[in-house]
Amino acid sequence: MSETTIPMLPCRTSLIDSVVTFYAALGFTTTYVQKSPYAYAVVERGGVELQLYGMKEYDPASSHSGCYVLTEDVDGLHTAFRAGLKAAYGRVPTRGLPRIGPLKDMSYGVRQFLVTDPTGNTVRIGQPVSEDPNHRPAPKETFARALHMADLFADSKQDLPGAAKIIDRVLGLTDEEPTPVQKLRLLVLRGDIAQRMGEAKQAAELLEEAEGIHLDSEQQDSAADALARLAELRG
């Protein structure tokens, strides 16, 4: 027997055309579009198929829908998606709707990024980077745990204030100090969150502080994803 799962994602009816355009920018082919008696579209890219159905009163800002796509080339897809979005929109959208998130290694053994379409559906693109398939418990070390939890709050829960609170608390500790790489990652994530919340002045201050952290060559390699995100946010 062979089964296939096809995600069916909600879409505000009036946004069906912009959603199809968005997925086309990611390299998806539109295989079906229907406007009446209700909006419906099907997009495909390789072995990934997404079906989108229209809802007149659907609120993209409160959407929690999405799906997870596993790949063997998450870095390649991230690069291709960013290039496609830049070509379609004239820039790489990193906040608001639509948007694409940074590529990062998660503490539970997956390297991933998130991409969110104009109607609020979030597609997670991930590649396992560990042979152990079990879900990892949250790290116990103070700053590693804060990074883990803040990432979950910011992306999985879409709770930006909650993520900001976690980071602000650990950055305010006086009895413990993060490593330079941990501090850089915390500041970059906090600056990213501030930008997404429309707090431009605070974001600039956080990112400037992150930029001033000195890292040796080994630490730079370890923090490569955070440094790339920092350059993007400062650009």
Side-chain angles (χ1 to χ4, degrees), residues 59-64 66 78 81-82 85-86 89-107 111-124 138-139 141-216 219-235:
D59 179 15
S62 61
S63 173
H64 293 281
H78 190 250
F81 282 12
R82 285 174 55 88
L85 290 172
K86 187 172 183 179
Y89 294 95
R91 63 182 180 86
V92 179
T94 58
R95 51 180 168 162
L97 295 175
R99 65 178 179 270
I100 184 170
L103 185 62
K104 61 178 72 175
D105 292 328
M106 307 304 293
S107 59
R111 181 166 175 77
Q112 71 174 24
F113 69 95
L114 278 60
V115 61
T116 304
D117 70 22
T119 199
N121 296 306
T122 296
V123 181
R124 300 167 186 269
E141 191 275 326
T142 300
F143 300 100
R145 182 179 179 83
L147 281 163
H148 170 86
M149 297 304 297
D151 268 327
L152 292 180
F153 271 63
D155 294 329
S156 296
K157 293 184 65 177
Q158 296 293 309
D159 181 356
L160 297 180
K165 185 176 180 180
I166 290 170
I167 298 173
D168 290 343
R169 183 186 66 79
V170 296
L171 287 177
L173 293 176
T174 57
D175 57 339
E176 292 184 75
E177 286 285 336
T179 67
V181 170
Q182 287 175 328
K183 187 171 184 180
L184 175 79
R185 287 175 174 162
L186 287 164
L187 287 170
V188 170
L189 179 55
R190 184 64 180 88
D192 191 349
I193 291 167
Q195 273 202 9
R196 288 164 65 181
M197 293 174 67
E199 300 168 347
K201 183 175 183 296
Q202 184 178 19
E205 292 172 350
L206 289 160
L207 297 174
E208 183 177 359
E209 184 179 354
E211 205 167 45
I213 296 175
H214 174 73
L215 301 178
D216 61 31
Q219 291 169 330
Q220 288 176 20
D221 289 341
S222 175
D225 289 335
L227 289 170
R229 184 60 169 174
L230 174 60
E232 180 180 27
L233 294 169
R234 292 282 281 170

> Working to the nearest 0.5 angstrom, can you tell me the gap between Leu206 CG and Gln202 CD?
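Output value for this atom pair is 5.0 Å.
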> Which atom pair, heavy atoms only, marks the closest approach of Leu233 to Val188?
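Looking at all heavy atoms of both residues, the closest pair is CD1-O, 4.0 Å.
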> Partners of Thr122 by side chain to side chain donor-acceptor pair (under 3.5 Å), sequence neighbours excluded?
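Counting only residues at least two positions away or on another chain, Thr122 forms a side chain to side chain donor-acceptor pair (under 3.5 Å) with Thr116.
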> Going by heavy atoms in the side chains, are Lys104 and Leu189 under 4.5 Å from each other?
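With C-beta onward as the side chain, the pair touches.
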> Taking the side chain as everything from C-beta on, heavy atoms only, tell me whether Thr94 gets closer than 4.5 Å to Asp192.
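Thr94 does not reach Asp192 side chain to side chain.
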> With a 4.5 Å cut-off on side-chain heavy atoms, are Val170 and Pro178 touching?
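When only atoms from C-beta onward are counted, Val170 and Pro178 do not touch, as no gap falls below 4.5 Å.
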> On a heavy-atom basis, which atom in Pro98 and which in Tyr89 lie closest, and how many Å separate them?
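Closest approach of Pro98 to Tyr89, heavy atoms only: CG-OH, 3.9 Å.
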> Can you name the side chain to side chain contact (heavy atoms under 4.5 Å, CB included) partners of Asp221, sequence neighbours left out?
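None.
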> Just jot down the side chain to side chain donor-acceptor pair (under 3.5 Å) partners of Arg185, sequence neighbours excluded, or say none.
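Listed in chain order: nothing, the list is empty.
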> Any idea which heavy atoms bring Ala163 and Ala150 closest together, and the distance?
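Scanning both residues completely, I find the closest heavy atoms to be CB-O, 3.5 Å.
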> Measure across Arg196 and Ala154 and return the closest heavy-atom pair with its distance rounded to 0.1 Å.
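Heavy-atom minimum between the residues: NH2-O, 3.5 Å.
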> By side chain to side chain donor-acceptor pair (under 3.5 Å), which residues pair with Glu205, not counting sequence neighbours?
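Residues passing side chain to side chain donor-acceptor pair (under 3.5 Å) with Glu205: Lys201.
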> To check you understand the geometry: which heavy-atom pair defines the closest contact between Leu215 and Pro180, and what is its length?
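Closest heavy-atom pair between Leu215 and Pro180: CD2-CB, 3.6 Å.
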> Can you sort out the partners of Asp117 under salt bridge (Lys or Arg N to Asp or Glu O under 4.0 Å), two or more places apart, ordered by chain and number?
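Counting only residues at least two positions away or on another chain, Asp117 forms no salt bridge (Lys or Arg N to Asp or Glu O under 4.0 Å).
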> For residues 174-183, which residue pairs pass the salt bridge (charged side-chain N to carboxylate O under 4.0 Å, His left out) check, not counting sequence neighbours?
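Only Lys183-Glu209 qualify under salt bridge (charged side-chain N to carboxylate O under 4.0 Å, His left out).
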> Restricting to salt bridge (Lys or Arg N to Asp or Glu O under 4.0 Å), what partner residues turn up for Arg111, sequence neighbours left out?
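Arg111: salt bridge (Lys or Arg N to Asp or Glu O under 4.0 Å) contacts with Asp75, Asp105, Asp225.
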> Going from CG on Asp159 to CG on Leu152, what distance comes out if it is rounded to the nearest 0.5 angstrom?
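The CG atom of Leu152 is 11.5 Å from CG of Asp159, to the nearest 0.5 Å.
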> For Arg229 versus Pro102, what's the shortest heavy-atom pair and its separation?
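Taking Arg229 first and Pro102 second, the nearest heavy atoms are CD-CB, 3.6 Å.
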> With rounding to the nearest 0.5 angstrom, report the CE to CD1 distance, Met149 to Ile167.
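Output value for this atom pair is 12.0 Å.
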> Under the rule for ring-ring contact (aromatic ring centres under 6.0 Å, His included), what residues qualify as partners of Phe113, not counting sequence neighbours?
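Listed in chain order: His78, Phe81.
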> Return the set of residues passing side chain to side chain donor-acceptor pair (under 3.5 Å) with Glu141 (not counting sequence neighbours), or none when no residue passes.
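For Glu141, the residues satisfying side chain to side chain donor-acceptor pair (under 3.5 Å) (neighbours in sequence not counted) are Gln182.
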> Could you give all pairs that pass the salt bridge (charged side-chain N to carboxylate O under 4.0 Å, His left out) test and reach residues 163-174, with sequence neighbours left out?
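Found Asp168-Arg190.
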> Just wondering, do Leu186 and Phe143 contact through their side chains at under 4.5 Å, heavy atoms?
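When only atoms from C-beta onward are counted, Leu186 and Phe143 do touch, with a gap below 4.5 Å.
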> Taking only residues two or more places apart in sequence or in another chain, which ones pass side chain to side chain contact (heavy atoms under 4.5 Å, CB included) with Pro60?
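Scan of Pro60 (side chain to side chain contact (heavy atoms under 4.5 Å, CB included), adjacent residues dropped) gives Arg12, Leu15, Leu97, Thr119.
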> I need the Ile193 CD1 to Glu199 CD distance, nearest 0.5 Å.
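Reported value, rounded in 0.5 Å steps: 10.0 Å.
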> Could I get the full list of side chain to side chain contact (heavy atoms under 4.5 Å, CB included) partners for Arg234, not counting sequence neighbours?
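With neighbours one apart ignored, the set is Leu207, Glu208, Glu211, Leu230.
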> Drop me the distance from Arg82's CZ to Ile100's CD1, to the nearest 0.5 angstrom.
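Result: 6.5 Å between the selected atoms.
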